Amino acid sequence: QVQLVESGGGLVQAGGSLRLSCAASGRTFSSYAMGWFRQAPGKEREFVAALTWNGGSVYYADSVKGRFTISRDNAKNTLYLQMNSLKPEDAAVYYCASSGTAQVTGARLLGEKASYVYWGQGTRVTVSS
């Protein structure tokens, strides 16, 4: 079965950096778009970043543009999220997700939770002020 396992979360001071990883198994990783979402306490899960199956197109939420970078290594079946200049409002549980349709593309589709069928268990990011 498909498994997505996130790692790299932790406690960081405001202004600091973290790199999240998501190891995928159980399907052809390189055929599917991947995304990162986050959920803070009491809030809905929200889109953070996504990229197409080959990394050719990337999309970011306005709140993280210029600070976060999504990337993938298809040879290692791994998705990454480099987070710089972290703010207290970035604190959340971060989830990686894999799209349900091969080679889906477009900011609208990849920004929607419904476009993803497999989700990891999440990794917590805490940002102290």
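Quick caveat, the model's predicted, so the values are computed rather than measured. Side chains included, hydrogens not; waters and symmetry mates left out as well; all remaining heavy atoms used.
When side chains are defined from C-beta on, Gln39 does not count as touching Glu44, because their heavy atoms never get closer than 4.5 Å. The shortest distance between side-chain heavy atoms of Ser129 and Glu89 does not fall below 4.5 Å. Met83 is not listed as a side-chain neighbour of Arg67, based on a closest heavy-atom distance of 4.5 Å or more. Two residues are said to be in side-chain contact when any heavy atoms from C-beta on lie closer than 4.5 Å; Arg124 and Thr126 meet this criterion. Side-chain contact check for Val64 versus Arg38: some heavy-atom pair is nearer than 4.5 Å. At a threshold of 4.5 Å between non-hydrogen side-chain atoms, the residues Tyr95 and Thr123 do not count as touching.
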- Task: Could you give me the CA-CA distance, side-chain angles and deciding distance for Phe37 and Phe47, then say whether ring pair (Phe, Tyr, Trp, His ring centres under 6.0 Å) is met?
- Result: CA-CA 4 Å; Phe37 287 75; Phe47 170 73; 5.7 Å; yes
- Given the rule in the side chain to side chain contact (heavy atoms under 4.5 Å, CB included) test, do Ser98 and Leu4 qualify, once you have shown the distances and angles that lead to the verdict? CA-CA 8 Å; Ser98 181; Leu4 301 174; 4.1 Å; yes
- For side chain to side chain contact (heavy atoms under 4.5 Å, CB included), just list the numbers for Thr69 and Val58, CA-CA rounded to whole Å, side-chain angles, deciding distance to a tenth of an Å, and then say yes or no. CA-CA 9 Å; Thr69 302; Val58 296; over 6 Å; no
- Task: Please test Arg72 against Phe29 for side chain to side chain contact (heavy atoms under 4.5 Å, CB included), starting from the C-alpha separation and ending with a verdict.
- Result: CA-CA 10 Å; Arg72 67 191 298 162; Phe29 176 79; 3.5 Å; yes
- Task: Report the C-alpha separation of Trp53 and Asn74 in whole Å, then their side-chain angles, then the decisive distance to 0.1 Å, and conclude whether the side chain to side chain contact (heavy atoms under 4.5 Å, CB included) test is met.
- Result: CA-CA 9 Å; Trp53 63 278; Asn74 284 345; 5.5 Å; no
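Relative to the ring axis of Tyr32, Arg27 places its NZ or CZ within 45° and under 6.0 Å from the centre. Remark: Arg19 is positioned above the aromatic ring of Tyr80, its terminal NZ or CZ atom under 6.0 angstrom from the ring centre and at most 45 degrees off the axis. For the pair Arg45 and Trp119, the cation-pi criterion (under 6.0 Å, within 45° of the ring axis) is fulfilled.
Between Asp90 and Lys87 there is no salt bridge, since no side-chain N of the basic residue sits under 4.0 Å from a carboxylate O of the acidic one.
Between Leu79 and Cys96 the shortest heavy-atom distance is CD2-CB, 3.9 Å. Pairing each heavy atom of Leu110 with each of Ser115, the nearest pair is N-OG, 4.4 Å.
Using a 3.5 Å distance cut-off with no hydrogens or angles, the side chains of Asn84 and Ser17 do pair a donor with an acceptor.
Between Tyr94 and Phe68, the ring planes are tilted. Angles from 30° to 60° get that label.
Of the candidates Leu81, Leu11, Leu20, Leu20 is the only one forming a side-chain contact (heavy atoms from CB on, under 4.5 Å) with Val125.
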